Amino acid sequence: MQMMKWADGGKQKMEWECRMTVDTTPVAQTSQSSASTEELQTQTCGCKGIRFCAMCLSSERVRKLRIEEDKYADFAVFVYSNKLKRAVRTTQLNSTSGLEDIRKVTNELCAGSSESIEMDGLMLVENFLTAEEETDILKMIDKVEWVVSQSGRRKQDFGPKVNFKHRKVKTDNFEGMPEYADFVLEKMRSIDANRLGNYFPYEMCNLEYEEVKKSGIEMHQDDMWIWGNRLISINLINGTVMTLTNESTRQLCYVLMPHRSLLCMADSIRYDWKHGVMPYHVRGRRIALTMREPALAFQEGGQLYEKYGKELIRLGNQRVKLN
Ligand SMILES: O=C(O)CCC(=O)C(=O)O
Ligand SMILES: [Fe+2]
């Protein structure tokens, strides 16, 4: 299998963005060309810097960045077991394994003598939404215009624009969360009031991934200045794999996220690990409904509450009616 890594060390400039992410070097991506790639190349995509999708895969910019290497090749590989609530070591997978192999190993896991690690702060809720609830939410999501984003994704942003480098926030286009946010937040509270209750996001970003576009999201950590502990991601239409890497312990963990599941990444998973979605783990169309809560400094009593937090929290509590 051919691997790609990025020659610029993964650093990239990002100014006013609607959302998160401190991007660093992405994990190797399998490079499979598809018949439709060439047709897509004539279109305009949103990729810049280290990012790529099917449309720009063979552009001059992307070709210059590629070198043959897999950054995580020597990491110990684990798969997350939602039954055991632990990540179990496997030698059947490597750092570029495909979706079907990861699914097989995950489904065949059993409590045994394999080395395993606690995944503090990782919570996977299978069947978080029923099929009917998913259909209702999707209808509302698809009423809103999609905007081309990076790495083959499209997005719908409900949140502030943030200049991560200069630590500035603009709220000009932020009118509140879409009306279906209340249903989602109430369902989270009803499932686990302790861990998922009391969640008042001031950002919701729906991300659309498509297999044909080779959509993915590079290994990254969400920004820690503005966004708080719990990152939420709900899998609509199709599930996928969340890849987690811990560079200090040199461990990689695959978390199989079924269709209609919710993933919460908090505590050490949020702060000690990176996460990403590999394009070759995407099937068909997938929508990730993601949410972020205020960092402590932006909450009442925090240093940035008066300057930014108060207004952001007020807007986060407003609802936008969808026609
Ligand atoms: O696609 C997902 O589930 C996660 C996306 C993500 O990590 C992000 O938006 O920061
Ligand atoms: Fe993220």
Side-chain angles (χ1 to χ4, degrees), residues 10 12 14 17-27 29 46-47 50-51 53 80 99 102 121-126 128-129 134 137 141 146-162 164 184 201-211 213-246 253-293 295:
Q12 67 151 357
M14 213 196 296
E17 280 277 328
C18 301
R19 44 182 282 287
M20 42 84 356
T21 69
V22 180
D23 277 319
T24 49
T25 315
V27 71
Q29 319 269 1
C47 299
I50 62 161
R51 294 183 166 137
C53 69
Y80 180 69
L99 177 66
I102 295 168
L122 187 75
M123 184 179 183
L124 176 67
V125 183
E126 293 177 43
F128 170 72
L129 295 176
E134 180 194 37
I137 290 176
I141 288 181
W146 289 96
V147 175
V148 171
S149 181
Q150 307 223 41
S151 303
R153 302 184 304 270
R154 295 196 301 170
K155 67 179 178 183
Q156 294 177 352
D157 242 310
F158 300 88
K161 285 218 188 305
V162 186
F164 295 103
V184 175
Y202 56 32
E203 201 221 34
M204 180 187 284
C205 186
N206 297 325
L207 299 175
E208 182 199 60
Y209 296 75
E210 284 193 84
E211 185 177 355
K213 292 183 184 167
K214 295 193 194 297
S215 313
I217 191 161
E218 296 78 11
M219 298 306 294
H220 67 278
Q221 285 184 308
D222 285 36
D223 183 78
M224 293 168 201
W225 173 65
I226 185 163
W227 314 126
N229 186 29
R230 293 170 294 177
L231 308 174
I232 301 291
S233 184
I234 302 173
N235 290 274
L236 305 173
I237 309 175
N238 274 297
T240 188
V241 173
M242 188 66 84
T243 300
L244 305 174
T245 53
N246 184 325
C253 177
Y254 291 122
V255 183
L256 186 69
M257 301 189 289
H259 171 202
R260 289 193 271 108
S261 63
L262 173 148
L263 187 75
C264 176
M265 293 182 285
D267 307 328
S268 85
I269 298 298
R270 160 88 163 103
Y271 299 109
D272 301 335
W273 295 67
K274 287 181 186 171
H275 60 272
V277 173
M278 300 305 113
Y280 50 92
H281 293 158
V282 173
R283 293 291 174 275
R285 183 184 187 216
R286 166 180 182 254
I287 293 175
L289 187 162
T290 70
M291 290 185 285
R292 292 171 188 82
E293 63 183 343

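Order of listing sets the numbers, starting from 1, for every ligand and every atom in it. From a predicted model like this one, the values you see are computed outputs, not experimental measurements.
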Student: Under a 4.0 angstrom heavy-atom cut-off, which atoms of ligand 1 come close to Asp222?
Tutor: 10 (O)

Student: Return yes if some donor-acceptor pair links the side-chain N/O of His259 with the main-chain N/O of Leu236 below 3.5 Å, else return no.
Tutor: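 It does not hold such a pair.
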
Student: Under 4.0 Å from any heavy atom of His275, which atoms of ligand 1 are there?
Tutor: 7 (O)

Student: Distance check, rounded to the nearest 0.5 Å: Asn238 atom CG versus Arg285 atom CZ?
Tutor: 10.5 Å

Student: Could you state the interatomic distance from CG (Leu244) to CE (Met219), rounded to the nearest 0.5 Å?
Tutor: 6.5 Å

Student: Short N/O distance, under 3.5 Å, between Thr290 and ligand 1?
Tutor: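 Checking ligand 1 against Thr290, no N or O pair falls under 3.5 Å apart.
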
Student: Nearest N/O/S atom of Asp222 with respect to the Fe ion (ligand 2), by atom name, please.
Tutor: OD1

Student: Could you tell me which non-hydrogen atom of Ala288 sits nearest to which non-hydrogen atom of Tyr209, and how far apart they are?
Tutor: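 Shortest heavy-atom separation between Ala288 and Tyr209 comes out as CB-CE1, 4.1 Å.
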
Student: Which of the atoms in ligand 1, numbered in the order shown and given with their element, are less than 4.0 Å from a heavy-atom of Ser233?
Tutor: 2 (C), 3 (O), 4 (C)

Student: Roughly how far apart are Cys205 SG and Asp222 CG, rounded to 0.5 Å?
Tutor: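 So the SG of Cys205 and the CG of Asp222 are separated by 10.0 Å.
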
Student: With distance as the sole test, does Ser215 use its side chain to make a donor-acceptor pair with the main-chain N or O of Gly152 at under 3.5 Å?
Tutor: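 The answer is yes, because a donor-acceptor pair under 3.5 Å joins these two groups.
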
Student: How wide is the angle at the Fe ion (ligand 2) spanned by His220 NE2 and His275 NE2, rounded to 10 degrees?
Tutor: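 Taking the Fe ion (ligand 2) as the apex, the two atoms subtend 90°.
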
Student: Would you mind running through ligand 1 and noting each atom that sits below 4.0 Å from a heavy atom of Met242?
Tutor: 2 (C), 3 (O), 4 (C)

Student: Please state which part of Arg292 comes within less than 4.0 Å of ligand 1, counting heavy atoms only: side chain, backbone, both or neither.
Tutor: side chain

Student: In terms of atom number and element, which parts of ligand 1 are under 4.0 angstrom from non-hydrogen atoms of Ile217?
Tutor: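 By the 4.0 Å cutoff, the relevant atoms are 6 (C), 8 (C), 9 (O).
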
Student: If we set the cut-off at 4.0 Å for heavy atoms, which region of Leu207 has an atom near ligand 1: side chain, backbone, both, or neither?
Tutor: side chain

Student: What distance do Glu134 atom CD and Ile234 atom CD1 have between them, rounded to the nearest 0.5 Å?
Tutor: 10.5 Å

Student: Quick one: which ligand 1 atoms are inside 4.0 Å of a heavy atom on Arg286?
Tutor: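 So the answer, numbered in order with elements, is 1 (O), 2 (C), 3 (O).
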
Student: Could you list which atoms of ligand 1 come closer than 4.0 Å to a heavy atom of Ala288?
Tutor: 1 (O), 2 (C), 3 (O)

Student: Main chain of Gly159, side chain of Asp157: is a donor-acceptor contact present, judged purely on distance under 3.5 Å?
Tutor: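 Looks like no, no N/O pair under 3.5 Å.
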
